[in-house]
Amino acid sequence: MTRVLVTGGAGYIGSHVVKHLAASGFAPVTLDNLYAGHRWAVTSGELIEADFGDPERMDAILGSGRFEAIIHMAAHIWVGESGKDPAKYYQNNTVGALNLFRIAARHGIRRIVFSSTAAVYGEPDLDPIPEDAPLRPINPYGASKMMAERILADVMAASGGSWMALRYFNVAGADPDGQVGEATPNNSHLVKLACMTAAGLRPRMAIFGRDYPTPDGTCIRDYVHVQDLARAHVDALRHLLDGGASMPLNCGYGHGFSVKEVLDTCRRITGVDFPIVDEPRRPGDPARLVADGRRIREVLGFEPRFDDLDTIVAHAWAWERKLAAMRGA
Ligand code: UD1
């Protein structure tokens with residue numbers, strides 16, 4: 001069995017990736033400092049409680065020769081926070097990643113799948129956005145990931161390794177089995193917040209801006225089910241292990257929904273008519289971000305299984321109720 005180190009494996013997306021790796025015949029080991037992850041979220045394999053940004057620790061862990069590949073997912077992810085504390089983002093997402101890639105290369109680890117983001121594109125002129133669109137991030141979060149992508153490409157090229165950078169669009173939903181889901185602290189993701197509001201944990205939802213140049217005036221995003229995204233990681237890893245070429249890949253379905261459409265869907269699926277108020281635009285929000293999703297289909301033969309907003313919200317809602325039960329237990 002191929003042994004894979006998954007940094008951030010106790011987090012929202014990481015926990016789905018670890019579960020899917022195990023179900024696909026890989027042997028995942030999670031490395032997580034539990035800053036935003038949870039012990040209970042690791043459903044398969046060992047959990048090493050460590051910070052990937054600790055070079056001595058990582059040297060010992062990767063020097064053990066146990067791992068053939070790394071899926072590097074651990075990162076800070078909040079756009080707003082990245083503007084307030086950019087150094088925190090560059091330190092973790094760029095400098096930390098550089099150290100990790102260098103140590104991996106030194107110990108002969110030749111396959112790395114890296115979690116990147118649509119935030120590397122900034123406010124693109126192209127719609128939908130292909131992978132070769134110019135990278136012009138408009139916030140430190142996107143810039144920190146763009147630089148890490150470049151470092152990864154250069155370090156792996158020099159060491160004879162290969163890599164994939166998966167550029168996530170808007171990830172939502174939860175494990176269809178209900179075993180894992182989103183429980184990241186201080187969350188600001190739209191679908192997650194709407195489900196928390198429907199569960200009575202927040203008084204209302206706000207729409208950040210109704211004056212965008214879109215049909216209903218609210219921002220449009222490409223919402224991708226976390227289970228499809230988890231499968232994309234496993235497919236990307238297989239591609240590299242089979243000798244496939246290195247490249248960035250968009251992870252989105254290629255069509256978008258507006259904030260208003262998402263909130264209407266959340267109200268309908270949860271059956272809760274939670275209040276929705278209008279607020280001003282949130283700084284740094286592009287009007288429309290939709291992936292050109294052709295390359296991932298061509299290169300990985302990727303076929304989405306949960307490309308349906310109702311299903312995404314239904315799974316997120318089922319998970320929110322399970323979390324409520326876990327809290328009450
Ligand atoms: C961004 C990043 C993504 C990052 C995520 C977490 C980009 C391209 N993507 O996604 O990589 O992981 O932030 O911070 O930068 N909205 C409301 N009301 C709310 C919450 C959100 O109207 O209460 C709107 C936002 O204005 C946005 C949409 O919903 O238009 C989605 O927002 P969100 O879920 O926060 O994700 P992004 O900001 O698109």
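The figures here come from the full heavy-atom set of this structure, side chains too, leaving out hydrogens, waters and symmetry mates. Each ligand, and each atom within it, is numbered from 1 in the order the structure gives.
Near Tyr223, the atoms of ligand 1 lying under 4.0 angstrom from a non-hydrogen atom of the residue are 28 (C), 31 (C). Near Leu193, with a cut-off below 4.0 Å to any heavy atom, the atoms of ligand 1 are 23 (O). Residue contact check: Trp78 has heavy atoms under 4.0 Å from atoms 6 (C), 14 (O) of ligand 1. In the vicinity of Cys219, heavy-atom distances shorter than 4.0 Å reach the ligand 1 atoms 30 (O). Every atom of ligand 1 is numbered from 1 in the order shown, and the set under 4.0 Å from a heavy atom of Met205 is 23 (O). Residue-ligand proximity, Val259 to ligand 1, at heavy-atom distances under 4.0 Å covers atoms 22 (O), 24 (C), 28 (C), 29 (O), 30 (O).
The shortest N/O to N/O separation between Ser188 and ligand 1 falls below 3.5 Å. Here's the thing with Ala119: none of its N/O atoms is less than 3.5 angstrom from an N/O atom of ligand 1. Ligand 1 has a nitrogen or oxygen under 3.5 angstrom from a nitrogen or oxygen of Ala206. Of the polar atoms of Leu190, at least one N or O is found under 3.5 Å from an N or O of ligand 1, judged by distance alone.
With distances taken over non-hydrogen atoms, the option nearest atom 25 (C) of ligand 1 out of Asp285, Ile77, Asn139, Asn170 is Asp285. Taking only non-hydrogen atoms, the option from Arg282, Arg204, Arg221 nearest to atom 32 (O) of ligand 1 is Arg282.
The pair Asp264-Lys260 counts as a salt bridge, with a side-chain nitrogen and a carboxylate oxygen less than 4.0 angstrom apart. Arg136 has a carboxylate O that lies under 4.0 Å from a charged side-chain N of Asp125, or vice versa, which qualifies the two as a salt bridge. A salt bridge between Lys19 and Asp175 is present, with a side-chain N of the basic residue lying under 4.0 Å from a carboxylate O of the acidic one. Ion pairing of Arg150 with Asp154 is present here, as a side-chain N (NZ or NE/NH1/NH2) and a carboxylate O approach within less than 4.0 Å.
A side-chain donor from one of Tyr121 and Arg167 sits under 3.5 Å from a side-chain acceptor of the other. In this model, a donor atom of one side chain and an acceptor atom of the other lie less than 3.5 Å apart for Asp59 and His107. Gln179 and Thr43 share no donor-acceptor pair across their side chains, judged by distance under 3.5 Å alone.
Using cut-offs of 30° and 60° on the angle between ring planes, the pair Trp40 and His38 is parallel.
Every heavy atom of Phe257 sits 4.0 Å or more from the atoms of ligand 1. Within the 4.0 Å heavy-atom shell around ligand 1 one finds Tyr141.
Heavy atoms of Tyr12 found under 4.0 angstrom from ligand 1: none, in either backbone or side chain. Heavy atoms of Leu289 found under 4.0 angstrom from ligand 1 belong exclusively to the side chain.
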For Lys192 and Glu182, what are the C-alpha separation, side-chain angles and deciding distance, and is it a salt bridge (Lys or Arg N to Asp or Glu O under 4.0 Å)?
CA-CA 7 Å; Lys192 172 70 180 174; Glu182 191 167 9; 5.7 Å; no
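Distance check: Asn139 CG to Glu81 CD gives 12.0 Å after rounding to the nearest 0.5 Å.
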